[in-house]
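A quick write-up on the structure given underneath.
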There are 2 protein chains.
Amino acid sequence: MTVTDSAYATTAPAAAVTTCAQPLVHPRPTGQDRYTISEVVAATGLSAHTLRWYERIGLMPHVDRSHTGQRRYSNRDLNWLDLVGKLRLTGMPVADMVHYAELVRAGEHTFPDREELLTAHREDVRRRIAELQGTLAILDHKIDIYADARRASERA
Amino acid sequence: MTVTDSAYATTAPAAAVTTCAQPLVHPRPTGQDRYTISEVVAATGLSAHTLRWYERIGLMPHVDRSHTGQRRYSNRDLNWLDLVGKLRLTGMPVADMVHYAELVRAGEHTFPDREELLTAHREDVRRRIAELQGTLAILDHKIDIYADARRASERA
DNA sequence: CGCTTGCTTGGAGTGCACTCCAACTCTCTA
DNA sequence: TAGAGAGTTGGAGTGCACTCCAAGCAAGCG
């Protein structure tokens, strides 16, 4: 297992799992390992623009090319995009994700830095969850008021 | 107590605020009902720019003015800004908040619309909490991997 | 051969939510 | 009376995360 294997791979070995009945998230278009950009668009929901932009800003490991210069994404790339998608969902700024990608490229000696970055982000996510739950209570309260008013007017 | 404009003009605006110990939520600078923009800045954490911008885009009810044309915010305005702040924390787009503000201005007959808007938003918030919790699990998993590596190297 | 489809590029444009600027007025204090 | 300091305005600028564009290349098909 190489450095990049462990680093860019988010979850299970994905290509091997073709027997899986209906993977809900990110169906891998073929069982193979060289996907065109449009296949990746279909698999990830990102636009081709965004995929190329991610590459330009250094958010992707080097994507392989066909003999005609077209991108060929590997399963590892897809796994990486999976992680990026999760981090993005949590509102991590792209700049931070780029930083993380740089750490991954730099090699195993950045493990502590990566752990720290993710731990800090986890704290952030926890804080946000708490925040959202607090707001949920306020929302409930206001909705109750409107619902009470509605029930009162329906009775009348 | 009759609150005249000149009475407020002579009151040093910031003086009252500097003493404030650190009440958790939105300390109301004076016990009164006509706050200057800088008092509202101190109370809400929003910038004066943002407060004026909120007004321009229709996110505020009409803010009262002093005889010299300066804004004087009421406690009701502060309460409204409080709600806006909560909604903003949950990532509600400003356009939606403006829509809600319009409904409020339109009167009580918009109660059902308001209830619907808030209910839809609550669903959104719930979805986001679930999303964040899902990501938390992935974060935990990756942090574990790095932590294991660190402990292994510390033992070695 | 021409046509369509899919991909390539750098750079420009978009939408959101602020954020700042220049030029001005008003009031208070020295 | 001069200057500091808080406030006013419309419009321009900023940063982020895309999103689109124009021009061009390569492969497959009739």
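Here the structure is a predicted model, which means the values were calculated and not measured. Protein chains get the first letters and strands the later ones, always in sequence-line order, with residue 1 at the start of each.
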A:T36 or B:G91, whichever maps to the more 5' nucleotide of DNA chain C
A:T36

Establish, with yes or no, whether the OP1 or OP2 oxygen of C:dA17 is under 4.0 angstrom from a side-chain nitrogen or oxygen of B:Y54.
no

Enumerate, in order of first residue number, the stems that involve DNA chain D, defined as 3 or more consecutive Watson-Crick or G-U wobble pairs with both distances under 3.5 Å.
C:1-30 with D:1-30

Salt-bridged, B:E115 to A:R151, with N to O below 4.0 Å?
no

Given that A:S47 and B:A48 both sit by DNA chain D, which one's nearest nucleotide is further toward the 5' end?
B:A48

When rounded to whole Å, the CG to C1' distance for the pair B:D96 and C:dG15 reads 14 Å

Between A:Y100 and A:D113, do the side chains contain a donor N or O and an acceptor N or O under 3.5 Å apart?
no

Could you tell me how far apart B:I57 (CD1) and D:dG10 (P) are, to the nearest whole angstrom?
14 Å

Above 12 or not: heavy atoms from other molecules or residues under 6.0 Å from CD of B:Q133?
yes

B:V94, nearest nucleotide to its side chain (from C:dA17, C:dT19, C:dC7)
C:dA17

Please report the distance, rounded to the nearest Å, between CZ in A:R56 and P in D:dA17.
15 Å

Walking DNA chain D from its 5' end, the first of B:E55 and A:A95 to be reached, judged by nearest nucleotide, is B:E55

Report whether B:L118 and B:V104 are members of the same hydrophobic cluster (ILVMFWY, side-chain heavy atoms less than 4.5 Å apart, transitive linking).
yes

Looking at D:dT9, C:dT8, C:dT27, which one has an atom nearest to any side-chain atom of B:T68?
C:dT27

Within the pair A:H67 and D:dC25, is there a side-chain N or O less than 4.0 Å away from OP1 or OP2?
no

I need the B:F111 CZ to B:H109 NE2 distance, nearest 0.5 Å.
11.0 Å

Could you tell me whether the side chain of B:V84 reaches within less than 4.5 Å of the side chain of B:M60, counting heavy atoms only?
no

Would you kindly give the NE2-to-P distance between A:H49 and C:dG10, to the nearest whole Å?
15 Å

Taking only the side-chain nitrogens and oxygens of A:R71, find out if one of them lies under 4.0 Å from OP1 or OP2 of C:dT8.
yes

Could you tell me whether A:S38 contacts a base, only the sugar-phosphate backbone, or nothing, with contacts defined as non-hydrogen atoms closer than 4.0 Å?
sugar-phosphate

Report the nucleotide, chosen from D:dC18, C:dT8, D:dT8, that has the shortest atom-to-atom distance to any side-chain atom of A:R52.
C:dT8

Can you measure B:L59 atom CG to C:dA17 atom C1' for me and round it to whole angstrom units?
11 Å

Against the side chain of B:Q70, the closest entry in C:dG10, C:dC18, D:dT8 is D:dT8

Would you mind reading off the distance between B:R34 atom CZ and D:dA6 atom P, rounded to a whole angstrom?
20 Å

Check whether the side chains of B:Y35 and B:N75 place a donor and an acceptor atom closer than 3.5 Å, and report yes or no.
yes

Starting at atom CG of A:L51, determine the distance to atom P of D:dT19, rounded to an integer number of angstrom.
12 Å

Side chain of B:W53 only, please: which of D:dG7, D:dC18, C:dA17 is the nearest?
C:dA17

From CZ of B:R65 across to C1' of C:dC26 the rounded distance in Å is 14 Å

Classify the nucleic acid contact of A:R72 as base, sugar-phosphate or nothing, counting any heavy atom under 4.0 Å across all strands shown.
nothing

Donor-acceptor contact present, side-chain A:R105 to main-chain A:G58, <3.5 Å:
yes

